[in-house]
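Reading through the structure tokens given below for one structure.
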Amino acid sequence: MKVTIKSPLDMHLHLRDKEMLKVVAPLSAKSFCAAIIMPNLVPPVTTIEDVVAYKKRILDAIGKENFEPLMTLFFKNSYTYEFLKKAKEHIVGIKLYPSGATTNSEGGVSSMDIEELKETFTAMSELNIPLLVHGETDGFVMDREAEFGSVYEQFATNFPKLKIIMEHITTKNSVDLLDKYDNLYATITVQHLFITLDDVAGGMLKPHLFCKPIAKRYEDREALLKVALSGHPKVMFGSDSAPHPIDKKECCGCAAGVFTAPIALQALAGLFEKNGKLENLQTFVSDNAQRIYGYSPTCKDIELTKEPFIVPSSYEDVVPMFADETLSWSITSIV
Ligand code: DOR
Ligand code: ZN
């Protein structure tokens, strides 16, 4: 059995910098045609010069591979209309982090008060720059995303022309918001379609499955599966592949992030096939994103075949999801 995905897109990706960038960027560039690159470097990507220089480092790291890094800025409420007008040609969106919510987000926003965000959100609406959001409060860890729901509702209602992407959603609550507001969209990761909190902490603690937002309940995973498998038009694949070196994962104080870039398409093919929805994989990993972002890549096609793929135990010093396990689908051709 085979399936060919035309121009697969990863709409949420962490590529890091320096040595780590050199390890992980070629892996994404092999399987994907383009990806939205997260700006949470240290320090974060906040100027046009930062964006241009980081894009160049990414292109250098991937060499000859045909892959487009789609760049983002790290949200600051000091961004003015004039600045954003100039930035627009270099970016596809702006990523908003609540301060301290996750890895390298300390410079994020400390208040979700509409008055404080209004000027930048209005400029983004007028310039048609999407807002990408890490939607978690600082509440109880299992409730953080659901609590953020009211913030999404306020953003969506007050800025009806602003395209808002709820990044890496993990709850039924977020899924329900999609059909309530025209301007809300979502990305979903691989791991949140496969695991619940039981897999992370129900038995032996699994640091390589620890990420933010943390995996939730069975009913949440069901809701995510339903919209992903059905090809819901407002849902896109965004891996949130977030590599950390092994000593930052297997230690006291494990960093948040699951590394999925090199196994994502193979795992998704297996999942969609198992659920009898292989015909919707193209929609989930490319077509919806193209329509939502108005982006038309002409790039590579990836052929996947139902043949065993033994996932490596590591890529340099980064451990992927499903390390040492055998997935039932492999990438067999890249055209
Ligand atoms: O688990 C996560 N890791 N979630 C995020 O939001 C950020 C990411 C990272 O950068 O490591
Ligand atoms: Zn992320």
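Values in this document were obtained by computation on a predicted structure and should not be read as measured data. Counting starts at 1 for both ligands and their atoms, in listed order.
Among the backbone and side-chain atoms of H14, an N, O or S atom lies under 2.8 Å from the Zn ion (ligand 2). At least one N/O/S atom of H12, whether from backbone or side chain, sits less than 2.8 Å from the Zn ion (ligand 2).
Within 6.0 Å of atom CG in D198, more than 12 heavy atoms from other residues, nucleotides or ligands are found, so the atom counts as buried in its surroundings.
For the side chain to side chain donor-acceptor pair (under 3.5 Å) with T170, the lone residue among E145, Q191, R221, R217 that qualifies is E145.
Contacts between V258 and ligand 1, counted as non-hydrogen atom pairs separated by less than 4.0 Å, are absent for every part of the residue. Contacts between N104 and ligand 1 below 4.0 angstrom, taking non-hydrogen atoms only, are absent altogether.
In this structure, K180 pairs ionically with E153, as a charged nitrogen and a carboxylate oxygen lie closer than 4.0 Å. A salt bridge links D60 to K56: one of the charged nitrogens lies within less than 4.0 Å of a carboxylate oxygen. Note on K212 versus E136: no salt bridge recorded, every NZ/NE/NH1/NH2 to OD/OE distance being 4.0 Å or above. Taking a cutoff of 4.0 Å between a charged side-chain nitrogen and a carboxylate oxygen, E65 and K30 do not qualify as a salt bridge.
Each of the following atoms of ligand 1 lies closer than 4.0 Å to a heavy atom of C211: 1 (O). Those atoms of ligand 1 that come under 4.0 Å of a heavy atom in D240, given as number and element, are 4 (N). Taking every non-hydrogen atom of A242 and a distance limit under 4.0 Å, the qualifying atoms of ligand 1 come out as 3 (N), 8 (C), 9 (C), 11 (O). Taking a cut-off of under 4.0 Å to the non-hydrogen atoms of H244, the atoms of ligand 1 that pass are 11 (O). Close approach of ligand 1 to T102 is summarised as follows: ligand atoms under 4.0 Å from at least one heavy atom of the residue are 2 (C), 4 (N), 5 (C), 6 (O), 7 (C).
At the top of the distance list for atom 3 (N) of ligand 1, counting protein heavy atoms only, stands A256 O, 3.0 Å. From the protein, the heavy atom lying nearest to atom 4 (N) of ligand 1 is K212 O, 2.8 Å.
Here the shortest heavy-atom distance to atom 11 (O) of ligand 1, taken over H14, R16, H134, E167, belongs to R16.
Remark: the backbone N or O of H232 is not paired with any side-chain donor or acceptor of K234 at under 3.5 angstrom.
The shortest distance between side-chain heavy atoms of M236 and S286 does not fall below 4.5 Å. Proximity of L9 to F237: side-chain heavy atoms (C-beta onward) are nowhere separated by under 4.5 Å.
Considering backbone and side-chain N/O atoms, G257 comes within less than 3.5 Å of an N/O atom of ligand 1.
Between the Zn ion (ligand 2) and the N, O or S atoms of D240, the shortest distance is to OD1.
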